[in-house]
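First the structure, in the form of structure tokens, and then the observations on it.
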Amino acid sequence: MDLQKVAKKWQARWDKDNAFKSKEVKKQKFYCLEMWPYPSGKMHMGHVRNYSIGDAFARYKRMSGGSILYPMGWDAFGLPAENAAIKNKTHPRIWTKNCIAQMKEQLQSFGFSYDWDREVSTAEPEYYKWNQWLFQQMLERGLAYQKESLVNWCPSCTTVLANEQVEAGKCWRCESVVENKQLKQWFFKITQYAEELLRDLDKLGTWPERVRTMQDNWIGKSQGINFIQKVKDLDLKFEVYDSIPQTFLAQTFCIIAPEHPMVKELVKGTKQEKEVLDFVETVKQKKSQNKFNIETDMEGVFTGRYVDNPFGTGDLPIWVASFVLYEYGTGIVNCSAHDERDFEFAKKYDIPLKVVLLPKDKKHAEQVQNLEVFYRKPDGILQAPEEVKGKAWHAAREQVIQHIEKKGFGKRTTNYKLRDWLISRQRYWGTPIPVVFCDKCGVVPAKLPVKLPDKAEFTGEGNPLAVDSFINTECPKCRGPAKRETDTMDTFVDSSWYFLRFTDPKNKKEIFSKDKADYWMPVDQYIGGIEHAVLHLLYARFIFKVIRDLGLTKHDEPFSSLLCQGMVVMEGAKMSKSKGNVVDPGEMLQKYGPDTMRLFILFASAPEKELDWNDDGIEAMHKFVLRMAGIKDLASGDGSKDKHLASKLQQTLQAVSNHLETFEHNFAVQKLMEITNFFYQHKSRISEKARNNSLATFSQIISPFAPHLAEELWEGLGNKTLVSLARWPRYNERLVKLEFDAEDALIDAVGADVAKVVELTKIQPKKITLFVAAPWKRTLYAELKELMKDTRDVGKIMQSLMSGKLKPHGQAIAKMVPKLVSSPQRIPAIIFDEKQEREFLEGLQLEAEVMVVAEEKASHDKAKQALPGKPAILVE
RNA sequence: GCCGCAGUGGCAGAGUCUGGCCAAAUGCGCAGGACUUAAGAUCCUGUCUCCUAGCGAGUUCGCCGGUUCGAAUCCGGCCUGCGGCACCA
């Protein structure tokens with residue numbers, strides 16, 4: 001079979017029949033979505049994996065009935081296109097269009113069952129117009145705002161970045177060291193949704209735990225106290241935030257971030273002014289070049305000012321300290337001996353310290369008291385305030401907070417690490433931020449859409465939008481002269497609501513129709529890389545909630561179920577050009593065809609785990625695909641295994657269905673291998689009729705994994721329809737059970753004739769069988785039935801015993817039996833050998849009634865002797 | 001440092017939730033056989049150790065200990081590896 005030809009043939013047929021078109025109909029809906037790609041032109045293995053997983057699931061759901069939405073589109077704005085344009089002296093639009101065309105062709109050659117009628121691209125005005133509309137809605141509601149602040153600047157991308165896009169001080173895209181700059185930028189007020197974003201994580205029970213944890217950490221909620229403090233000799237008040245306020249009475253000094261504007265006010269006119277401002281400059285310099293290192297640069301200067309201490313424990317000197325985070329809390333912190341950094345800082349500058357927390361160990365306590373060592377442990381004993389004296393640091397928290405509130409020192413406050421989302425970018429290839437600046441009217445929403453000007457120069461120097469022809473415009477309000485915003489939006493904004501546009505991609509009047517969105521949303525299954533655990537997945541949740549608050553959807557969360565597939569690696573290392581271990585899916589596709597590729601990628605690893613690519617593996621899978629294709633040509637046999645085949649097929653169907661539901665594709669493929677082997681192994685005992693019957697079901701269940709081969713097999717059986725649209729077969733419980741016939745017979749037999757049990761269990765002549773049943777009044781059959789059903793443990797034991805596979809030692813049985821007999825469950829049968837028998841009889845001391853069934857006269861006599869008065873029968 | 005996850009045969013990777021049909025699926029690799037002039041492909045068999053070769057015995061699932069008649073599986077401690085966050089007071 002020419003697999004390449006087969007693939008092309010069915011792709012053309014699907015296309016011609018428009019087979020995968022989705023409709024809003026009165027059926028159970030299912031929205032399956034993969035994180036859409038940035039059109040770089042070439043797919044990488046990660047894409048293939050992502051979409052193979054998604055397509056298998058979508059195809060399965062489609063066959064299971066119901067209406068399915070499975071769309072695809074392009075996250076087409078972004079830096080690579082612009083950089084490519086600069087490099088190749090072309091226009092990003094042209095470059096992107098080419099890339100999309102290439103990538104679409106590749107996607108289609110893999111046979112993914114997308115509804116291409118819904119294709120959208122963020123770089124088209126039809127799409128980004130609504131991006132701009134959304135921005136203006138947010139602007140109107142104060143959710144989009146402009147602010148001058150210290151921001152992350154990537155010198156290589158020549159644009160600012162959001163906090164989420166900085167990883168360990170480096171740009172997420174190009175890994176350049178990020179600098180700090182003071183700039184006026186546009187932000188989205190994601191912090192307004194911090195609490196809800198955190199709380200609703202609980203609704204996302206089917207999301208991977210680690211994604212939820214990562215978002216939880218990123219939002220970083222903490223609860224503590226805000227102290228309101230007054231500067232001595234100045235008419236100046238400020239707040240400090242303390243999330244661990246138990247040791248507040250140990251506070252002996254106060255530190256302020258160098259970036260804090262209050263520093264200037266504090267030192268104005270003092271003799272420290274110059275020294276402090278110089279220090280501030282040095283630290284800022286270091287930070288902006290990212291040369292700041294907490295280990296070596298823990299420095300500070302005294303401002304000459306004091307806090308008028310409200311606790312009555314002496315005034316607190318205010319220092320400017322390099323390590324204070326301006327962005328967190330209020331940027332000013334009260335310090336005590338019970339924080340490691342503060343302790344070290346105080347030691348370095350000889351600032352007095354006070355201790356309110358001591359360990360139980362006396363020697364240790366003395367060291368702490370003498371400030372020889374730093375100390376803070378949850379089980380440390382608080383010495384102050386009086387109200388909690390003697391209590392543990394950890395346990396006293398709530399009480400201390402109440403004390404602080406009662407005294408009026410401060411008030412309970414919640415703090416988040418989450419910062420507002422910086423969305424402006426100083427680049428061309430993105431959605432223009434749709435505002436104009438008018439001298440008269442201020443910031444005014446622009447008329448939509450604000451199209452990207454086609455004529456632009458891509459030199460790599462400066463923002464191509466920052467040219468007069470684009471900037472100069474007219475104010476929509478007063479018709480006077482005005483200037484356009486030249487920044488574009490972070491492309492993460494584009495992709496924060498695309499799943500909604502897919503529900504109504506061609507709408508010219510609205511961002512999407514509420515009815516259609518309400519029908520399809522939320523996305524039932526979302527699939528994509530873990531690298532977006534915080535970035536895209538947090539932004540999308542935020543924007544979705546904003547959209548809800550605009551009244552455009554009734555749901556709270558966009559993605560009810562999430563799967564994060566693992567990376568594709570080679571020999572343990574991430575595929576990268578520099579390592580030279582990149583496998584090109586295009587080449588592989590040429591060589592093996594789509595079915596082999598898809599099967600291999602699904603089989604090689606569980607979806608959420610790493611996938612180690614190896615060439616032998618795909619070669620082996622290719623053989624397997626050919627093997628499946630060859631089933632139909634096998635010589636047929638006498639039919640003695642037909643029933644077994646039917647049973648095996650039903651088992652496979654059941655297993656594959658379950659594995660598909662739970663994304664255990666690797667196991668599903670394994671089951672397909674097993675049954676394929678069965679066809680081959682027993683070909684001489686399978687009739688042609690049975691084989692063809694089975695093959696029909698077989699082609700249905702391989703359809704999500706190897707759709708092209710499935711169609712070919714299906715057609716080969718005389719079907720004119722598409723197997724991709726066939727109904728997923730239902731499994732037949734009775735047939736699944738066929739394999740357990742032997743056990744059923746056993747149970748039936750036991751009811752009729754105890755002796756038969758012995759026969760059925762195929763006991764060796766040398767062994768004896770003991771049935772311990774209490775009370776013996778009821779038939780063994782009833783006992784068995786009850787036991788098998790009601791108790792797991794005994795049921796399991798029963799199964800093991802009956803199949804003869806469990807052979808516990810006599811001693812063990814002796815101990816086990818009384819326990820079981822005295823409990824509501826009873827053990828009806830035990831099989832063991834002579835040696836065990838002896839141990840058993842010696843060890844057995846039970847009150848319950850016992851019946852002995854022995855196979856040999858000697859064993860029978862022995863048992864009777866050991867258990868006088870117990871019924872015993874001999875089976876020969 | 002904090003949080004989360006994992007450690008099973010030559011390799012990849014099941015089994016762990018719910019203890020016993022577990023010497024442990026499946027695939028790769030390896031060995032032998034059939035077919036073939038041969039190679040490849042394909043098919044079959046074997047693949048922890050020992051032997052008298054068996055519905056045989058022994059030793060295994062990171063290490064140590066505990067619970068249990070019984071532990072890869074449950075509990076406690078330790079070691080190792082991975083991921084995320086990290087100057088958040």
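No hydrogens, no waters, no symmetry mates; every other heavy atom, side chains included, goes into these values. Below, chains carry the letters A, B, ... as their sequence lines are ordered, and counting in each starts from 1. Being a predicted model, the structure only gives us computed values, none of them experimental.
Distance noted for atom C1' between B:rA14 and B:rA72: 12 Å (whole Å). B:rC2 sits 8 Å from B:rA86 when the C1' atoms are compared, rounded to a whole Å. Comparing the same atom, P, in B:rC55 and in B:rC17 gives a spacing of 32 Å after rounding to whole Å. Atom P of B:rC35 sits at a distance of 16 Å from the matching atom of B:rG40, rounded to the whole Å. Of the P atoms belonging to B:rA23 and B:rA31, the separation is 29 Å, rounded to the nearest Å. When the P atom is used for both B:rC64 and B:rU73, the distance is 13 Å, rounded to whole Å. Atom name C1', nucleotides B:rA71 and B:rC44: the rounded distance is 37 Å, in whole Å. For B:rC75 and B:rU16, the C1' atoms lie 14 Å apart once the distance is rounded to whole Å.
Using a 4.0 Å heavy-atom distance criterion, A:Val324 is classed as a base contact. When heavy atoms are screened at a 4.0 angstrom cut-off, A:Phe624 is found touching no nucleic acid atom at all.
Nearest to the side-chain atoms of A:Tyr680 among the listed nucleotides B:rC44, B:rA89, B:rU26 stands B:rC44. Here the nucleotide nearest the side chain of A:Lys417, chosen from B:rC88, B:rG27, B:rA86, is B:rC88. Here the side chain of A:Trp218 is nearest to one of B:rA86, B:rU26, B:rA89, namely B:rA86. The side chain of A:Phe667 approaches B:rA14 more closely than any other nucleotide in the set B:rA14, B:rU42, B:rC88.
The partner of B:rA39 cannot be assigned: no Watson-Crick or G-U wobble pair with both contacts below 3.5 Å exists in any strand. Judged by Watson-Crick or G-U wobble contacts below 3.5 Å, the nucleotide B:rG4 has B:rC82 as its partner. Across all strands shown, B:rU47 pairs with B:rG29; the Watson-Crick or G-U wobble distances both stay below 3.5 Å. Of the nucleotides present, none pairs with B:rC22 by Watson-Crick or G-U wobble criteria with both distances under 3.5 Å. Across all strands shown, B:rU67 forms no Watson-Crick or G-U wobble pair with both distances under 3.5 Å.
Atom CG of A:Asp595 is separated from atom CE of A:Met628 by 7.0 Å, given to the nearest 0.5 angstrom. Atom-to-atom distance recorded for A:Thr413:OG1 and A:Ile401:CD1 is 9.5 Å, nearest 0.5 angstrom.
Classification of the A:Tyr349-A:Trp319 ring pair by plane angle, with boundaries at 30° and 60°, yields tilted.
Atom CD in A:Gln670 sits roughly 10 Å away from atom P in B:rA14 (whole-Å rounding). Rounded to an integer number of Å, the gap from CD1 of A:Ile601 to C1' of B:rA12 is 16 Å. Between the C1' atom of B:rA89 and the CD atom of A:Glu327 lies a distance of 14 Å, rounded to the nearest Å. Atoms CG (A:Leu602) and P (B:rG13) sit 16 Å apart, rounded to a whole Å. As rounded to whole Å, 12 Å separates atom C1' of B:rG15 from atom CD of A:Glu664. Computed from coordinates, the A:Arg212 CZ to B:rC5 P distance equals 12 Å when rounded to whole Å. In this structure, the CG atom of A:Asn334 is 10 Å from the C1' atom of B:rA89, given to the nearest Å. Regarding A:Asp339, its CG atom lies at a distance of 16 Å from the P atom of B:rG1, rounded to whole Å.
Taking the nucleotide of RNA chain B with the nearest heavy atom to each of A:Val534 and A:Ile244, the more 5' of the two is matched to A:Val534.
Taking side-chain N and O atoms only, A:Arg419 has no distance below 4.0 Å to OP1 or OP2 of B:rC88. At B:rC88, none of the side-chain N or O atoms of A:Tyr241 fall inside 4.0 Å of OP1 or OP2 (strictly under the cut-off). OP1 and OP2 of B:rG84 both lie 4.0 Å or more from every side-chain N or O belonging to A:Thr213. A close approach under 4.0 Å does not occur between any side-chain nitrogen or oxygen of A:Asn677 and OP1 or OP2 of B:rU26. At B:rU42, one or more side-chain N or O atoms of A:Lys623 fall inside 4.0 Å of OP1 or OP2 (strictly under the cut-off).
Considering A:Trp172, A:Tyr539, A:Trp421 in turn, A:Tyr539 is the only one that fulfils the side chain to side chain donor-acceptor pair (under 3.5 Å) rule with A:Glu164.
For A:Phe663 and A:His665, the ring centers sit closer than 6.0 Å to each other. Aromatic rings from A:Phe705 and A:Phe603 are positioned such that their centres are separated by 6.0 Å or more.
At a cut-off of 3.5 Å, with distance as the only test, a side-chain donor of A:Gln251 or A:Asp242 sits close to an acceptor on the other residue.
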